[in-house]
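Contents: one structure, followed by commentary.
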2 protein chains.
Amino acid sequence: MSATSGVRSHQGENTRNRIVHFAMNLASRHGLDALSIGELAKELGMSKSGLFAHFGSKEELQIATIEAAEETFGCAIIESTLEMPEGLGQLQALLTNYLGYLENSVFPGGCFFAAVAAEFDDRPGRVRDRIALSMRKWRGLLERQATIAHQNGQLREGVDPVQLVFELKAFTHEANFNLRLLEDQGVTQHAKVAIRSALKAAASEAGASVLQVGAG
Amino acid sequence: MSATSGVRSHQGENTRNRIVHFAMNLASRHGLDALSIGELAKELGMSKSGLFAHFGSKEELQIATIEAAEETFGCAIIESTLEMPEGLGQLQALLTNYLGYLENSVFPGGCFFAAVAAEFDDRPGRVRDRIALSMRKWRGLLERQATIAHQNGQLREGVDPVQLVFELKAFTHEANFNLRLLEDQGVTQHAKVAIRSALKAAASEAGASVLQVGAG
DNA sequence: CCTACCGATCGGTAGG
DNA sequence: CCTACCGATCGGTAGG
């Protein structure tokens, strides 16, 4: 990156980033529909039409918000695993990072995608499609590592990588759900126990050697 | 019930029931907040204020809608299990019925409670509290049967009934989630396989004899 | 980025 | 149950 490339960052882009970042945190708590352009403008100290001009429609604002959340999700959960050897170890790391993302409240309203997926799952359109794309990417990442684990002989015979990922992902979603609505003590503990025992049950001897004992 | 007791059913109650029933199906798709009194009145062919008079506030309408959904949930899932012997068999039947409730679209938007729980989990108030009560009742029912199974020697030593219910409930929620957003083929199949193998792994010899082989 | 404005719809009320 | 209405807010536009 050259010293002058920063010139390309117009002030408009910075403002847009500020808007989207604020919208992302708000949407994790109250949903993408409760994102009112007027309220957003008031809280950011700008005029409604000034904010609106950055997007052109509420739908565009919602999609930009989803894309920003996807990047935040990637930084919190995926990025640190990319240098690990692929397979069972990376799969376990992704799940551990997801639970950390819940515990650390990376979004103030819990998992952004769980929240907006439930909100839009019955409303066809571009917003729903963009959310579904994010969810498929995440599931694909988990399934890819489970499949590599399978190919590397890290899973016991007869273990279906897709079925395994269904079960592991179920535990992470249930943790988010219980944490948000029921505010249980140590609810992520249930998820950690479930994930650890599912991974141990699925691992071959070669696989067991790469599992972190203390982690989820 | 005497032949004249029906006189107590005022016409107002019938209208109220019609409203709540319609609201319940609408809310399973678009949420309890999108329940607009004006739209609801239009679709039911009555005036806004006429409909409003039955509840006095939108919050009361939302709570009445949750209570109606709880009854529908009970009829679809719980009622038929009450005459079964308690323990592992009833636990399995409740889970099987839940998956049937998804497959049969008892609510047009999937599981009513999963939808509204995600919507209100970050909005303190009476609506959220009523949703949380429903969820705790349902979880309590599952934990009760798992505990009875434990006491009856239907579970293997070392199996924690609460942990077991966490895992089983996770599979049912994941099925609802995938079914709504990702519209996967045979997604309840993953849940059925997961539930069956979790129950089999948790069951003692005595427990295994009460499990239905074909069921979830 | 702004002010000023549009029609539509919101929850809720007055009065019958 | 109704008509008629309230103030507030919605997404979006005109014009600068």
Side-chain angles (χ1 to χ4, degrees), chain A residues 7-24 26-27 29-66 116 119-120 123-128 130-131, chain B residues 7-24 26-27 29-68 116 119-120 123-128 130-131:
Chain A
V7 175
R8 277 181 54 227
S9 299
H10 314 304
Q11 191 178 346
E13 279 196 26
N14 291 333
T15 302
R16 193 190 144 108
N17 286 344
R18 273 181 59 226
I19 297 167
V20 168
H21 189 261
F22 196 95
M24 185 178 79
L26 208 148
R29 281 186 289 132
H30 302 303
L32 279 168
D33 224 50
L35 268 188
S36 133
I37 291 170
E39 195 195 337
L40 213 53
K42 189 165 34 171
E43 297 224 49
L44 287 164
M46 60 193 296
S47 73
K48 227 177 67 168
S49 65
L51 189 149
F52 186 84
H54 285 279
F55 305 97
S57 74
K58 183 170 179 179
E59 196 179 50
E60 282 299 330
L61 166 62
Q62 290 172 324
I63 288 171
T65 303
I66 296 164
V116 301
E119 186 182 10
F120 277 87
R123 301 198 220 170
R126 292 177 60 216
V127 174
R128 187 201 129 108
R130 189 61 187 79
I131 295 166
Chain B
V7 174
R8 278 183 51 227
S9 296
H10 315 302
Q11 190 178 348
E13 279 196 26
N14 290 333
T15 302
R16 194 189 143 106
N17 286 343
R18 272 181 59 226
I19 296 167
V20 168
H21 188 262
F22 196 94
M24 185 178 79
L26 208 148
R29 280 185 290 131
H30 301 304
L32 279 167
D33 224 51
L35 269 188
S36 134
I37 291 170
E39 195 195 337
L40 213 50
K42 190 166 32 171
E43 299 224 46
L44 287 164
M46 60 191 298
S47 72
K48 226 176 68 167
S49 64
L51 189 148
F52 186 83
H54 284 279
F55 305 96
S57 73
K58 182 169 178 178
E59 195 178 51
E60 281 301 330
L61 166 64
Q62 290 172 323
I63 287 171
T65 302
I66 295 163
E67 284 167 354
V116 301
E119 186 182 10
F120 277 88
R123 299 198 221 171
R126 293 176 61 215
V127 175
R128 187 201 131 110
R130 189 62 187 79
I131 295 165

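Numbered from 1 within each chain, the chains take letters A, B, ... in sequence-line order.
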Return the value, rounded to whole Å, for the distance between atom [atom1] of [X] and atom [atom2] of [N].
X: Gln62(A); N: dG11(D); atom1: CD; atom2: C1'; answer: 11 Å
X: Glu59(B); N: dC10(C); atom1: CD; atom2: P; answer: 19 Å
X: Leu51(A); N: dG11(D); atom1: CG; atom2: C1'; answer: 12 Å
X: Leu32(A); N: dG11(D); atom1: CG; atom2: C1'; answer: 16 Å
X: Asp33(B); N: dT9(C); atom1: CG; atom2: C1'; answer: 14 Å
X: His54(A); N: dC2(C); atom1: NE2; atom2: C1'; answer: 12 Å
X: Ile37(B); N: dG12(C); atom1: CD1; atom2: C1'; answer: 8 Å
X: Glu39(A); N: dA8(D); atom1: CD; atom2: P; answer: 16 Å

Does a side-chain heavy-atom distance below 4.5 Å link [X] with [Y]?
X: Asp33(B); Y: Arg123(B); value: yes
X: Val20(B); Y: Phe55(B); value: yes
X: Leu32(A); Y: Ile66(A); value: yes
X: His54(B); Y: Leu61(B); value: no
X: Asn14(B); Y: Arg18(B); value: no

Could you please name the option among [options] that lies closest to any side-chain atom of [X]?
X: Lys48(B); options: dC10(C), dC1(D), dC10(D); result: dC10(C)
X: Met46(B); options: dC10(C), dG12(C), dC1(D); result: dC1(D)
X: Lys58(A); options: dC1(D), dC10(D), dG11(D); result: dG11(D)
X: Phe52(B); options: dC1(D), dC2(D), dT13(C); result: dT13(C)

**Message:** Just to be sure I understand the rule, does Leu61(A) reach a base, reach only the sugar-phosphate, or reach nothing, if contact means heavy atoms closer than 4.0 Å?
**Reply:** nothing
**Item:** Short side-chain N/O contact to dC1(D) OP1/OP2 from Thr15(B), under 4.0 Å
**Value:** yes
**Request:** State whether Ser47(A) places a side-chain N or O below 4.0 Å from either non-bridging phosphate oxygen (OP1 or OP2) of dC1(C).
**Result:** no
**Item:** Donor-acceptor pair present, Ser49(B) side chain and dT3(D) base, under 3.5 Å
**Value:** yes
**Prompt:** So which nucleotide does dT3(D) pair with, by the Watson-Crick or G-U wobble rule with both distances under 3.5 Å?
**Reply:** dA14(C)
